[in-house]
Amino acid sequence: MFLRYKIAILFIFISLSVSFGAVPKQEIRAVWLTTNWGLDWPSVAATNELSREKQKGELCRILDRLKELHINTVFFQTRLRGDLLYASGYEPWSAVLTGQPGKNPGYDPLAFAVEACHQRGLECHAWIVCIPLGSDKQIKSHKNESVVKRHRELCKYFNGEWYLDPGHPGTAAYLAALAKEIVSRYAVDGIHLDYIRYPENARRFPDTDTYRKYAVRGESLADWRKANITRIVHTLYDEVRRVSPDVKVSSAPLGKYNTLPGFPSLGWSCIESVYQDPQAWLRDGKQDFIVPMMYYDGHSFYPFLLDWAHHTYGRMVVSGLGAYRLQAKEGDWAVADIMRQLHTGRNYGVSGQSFYRAGSVLCNEKGIMDALASTAYPTPALLPPMPFLGDSHLTAPQTPVMSITADSLLFSWRADSGAKGYVLYGSSDWPVDIEESGNMLAANIRDNRIALPHNLPGAVRYFAVTAVDRYGNESAPAAFNEPYRMDEKVRYDRKAHVLYLEKERNFDDIRITDVLGRTLYVGRYAAEIPGIILPPGTYRIGLSGESAQKEKILLTF
């Protein structure tokens, strides 16, 4: 009874006191990029060279917009319903690419997606729909390449659809082989497991034969089914970790773990309905993070969000938010509903958000994209560190160099073989505070150089770079430039355009540059230098003499 009242009080507190405060420096900002039925991509079939290029260009435009929104993770749907978006030794090509099942589109969409994401500083996670295999019509369209034809012993027909049977030991090995194929051949950043559960109305799932054959004596059907799904998760995780320790493994369970005191699940939860136990997966260290699909509101969202946030077991939980619910036919939510869910998750310690679907965000339904850009994602974000995977203890980047061109600021540094990426910071203050998310100019930089336009936000004039390892751990910063010292004996008369240098030392030459390093004046030293026109701002004055005497001064007015 006490727990019931505690959750109720917390729910009221959440509803009334959500803080739309500081933007986190580190969080997962993801979208599910849905290829099933071409919902997000592709909208055109690749039937010739021209349409192939259109298909590629469409994906690039989607990723460009996600980058502009400061999204950092893309769950790219790679396995749909027993068919794939790459050439496999296990399953056929998906018809979504060409309009014809089993037909090669003439390029490798997964390789293209991974490279396109990395070029834009986005992580690409291969999203695998695990248990469903599709309708009877779809299975027949795959002919002899279908999973049902190749592995009939692993498959069950239920409610007009084909499924892998979680109770057959071969199912775990089969799905692990698919994951191994992907991580062995592609530079994906993660494997993301979807529909890793029994189907709806699971109590009627026709697995009596496998239950009798494989269940332990005295084991209930419910416990056996839950153990089956857990075994699949463990097998997949261990195989990915064995083949590629850098690749993250995550999943998208149902949005409610179980009925809570005073807050029923309404017949749809992981434990009660589909035999998932994602909290146990986290506790056992067999998921790096989970993304519960929390496409609900009110009492069906906030208490369950709190429950997820309190049961991470040292791993991470990311809120799966239903951007599609903004559509009139899908719930007609207000943008404020989604934003409140996002900020509540931040306040209560979840590690980020993922939106279903990418298209529901990018179409700017009811202004959702504008709201994210202006309030939730105004600056980039780093991925949260995962110390449970490792820590390479990177040192600060070496030999940072900043140079100026007519239209860009160029930053470069020595590449570090242990770095997965780099982060560039800028600030009006010295030293640059890398803990302030607003100082982040570019994140997840894959190269050891970057160009930025001159028109940087605010009065940015100091810069620093850090390295990030494959586990999200960040190095100390390396500074590109340091401030000149202030000197009260240097002043500027704005009306007369005269620079006064009341110095006691003997100098020969003077050079004036702006904060970006552009030279504004070069001449002979004098105590008074007329005819120098400087708009209000900050300038660096370099003085030098034949005796190698030098001095650098900062002038601000």
Just so I know, are the side chains of Trp32 and Asp194 near enough to count as touching, which here means a heavy-atom distance under 4.5 Å?
no
Walk me through it: do Lys286 and Asp238 pass the test salt bridge (charged side-chain N to carboxylate O under 4.0 Å, His left out)?
CA-CA 8 Å; Lys286 299 302 181 181; Asp238 290 344; 2.7 Å; yes
Between the main-chain N or O of Gly390 and the side-chain N or O of Asn473, is there a donor-acceptor pair closer than 3.5 Å?
yes
Salt bridge check: are Lys420 and Asp189 linked by an N-O gap of less than 4.0 Å?
yes
Do Leu342 and Ser319 come close enough that some side-chain heavy atom pair is under 4.5 Å?
no
For Tyr107 and Trp93 the tightest heavy-atom approach is O-CH2, 3.8 Å
Side chain proximity check, Met386 to Lys248, heavy atoms < 4.5 angstrom
yes
Out of the candidates Val432, Asn481, Leu452, only one should pair with Phe463 under the side-chain contact (heavy atoms from CB on, under 4.5 Å) rule; please name it.
Asn481
Donor-acceptor under 3.5 Å (Asp108 side chain, Ala87 main chain):
no
Can Asp433 and Tyr425 be counted as having a side-chain donor-acceptor contact under 3.5 angstrom?
no
For Glu58, is there an ion pair with Arg61 - N to carboxylate O distance below 4.0 angstrom?
no
I'd like to know if the side chain of Gln398 and the backbone of Arg414 have a donor-acceptor N/O pair within less than 3.5 Å.
no
Between the CD atom in Gln276 and the SG atom in Cys270, the distance rounded to the nearest 0.5 Å is 4.5 Å
Do the charged groups of Arg79 and Glu181 touch, with an N to O distance under 4.0 Å?
no
Are the side chain of Trp41 and the backbone of Gln55 linked by a donor-acceptor contact shorter than 3.5 Å?
yes
Asp277-Tyr257 side chain donor-acceptor pair, cut-off 3.5 Å
yes
Are Glu68 and Arg65 ion-paired here, with the side-chain N under 4.0 Å from a carboxylate O?
no
Ser417 side chain to Ala415 backbone, donor-acceptor under 3.5 Å:
no
Ser88 versus Leu84, closest heavy-atom pair with distance
CB-CD1, 3.2 Å
Could you tell me how the ring of His125 sits relative to the ring of Phe75: parallel (under 30°), tilted (30 to 60°) or perpendicular (over 60°)?
perpendicular
Do Arg315 and Asp288 come within less than 4.5 Å of each other through their side chains, counting heavy atoms only?
yes
Would you say that Pro42 contacts Leu59 through its side chain, given a criterion of any heavy-atom pair below 4.5 Å between the two side chains?
no
Arg357 to Phe355 six-membered ring, cation-pi geometry met (6.0 Å, 45°)
no
In Å and rounded to the nearest 0.5 Å, what is the CZ to CG distance from Arg29 to Leu383?
10.0 Å
Are a donor atom and an acceptor atom from the side chains of Ser427 and Glu436 found within less than 3.5 Å of each other?
no
Tell me whether Asn72 contacts the main-chain N or O of Glu27 through its side chain, where contact means a donor paired with an acceptor under 3.5 Å.
yes
Return the NE2 to CD distance between His234 and Gln287, rounded to the nearest 0.5 Å.
9.0 Å
Quick check with a 6.0 Å cut-off and a 45 degree axis cone: is Arg325 positioned over the face of Tyr295's six-membered ring?
no
Less than 4.5 Å apart, any side-chain heavy atom of Asn444 and any of His118?
no
Carboxylate-amine/guanidinium proximity below 4.0 Å for Arg120 and Asp64:
yes
Check whether any side-chain heavy atom of Tyr377 lies under 4.5 Å from a side-chain heavy atom of Gln353, and answer yes or no.
yes
Give a yes or no on whether the backbone of Asp370 and the side-chain of Asn364 come within a donor-acceptor separation of less than 3.5 Å.
yes
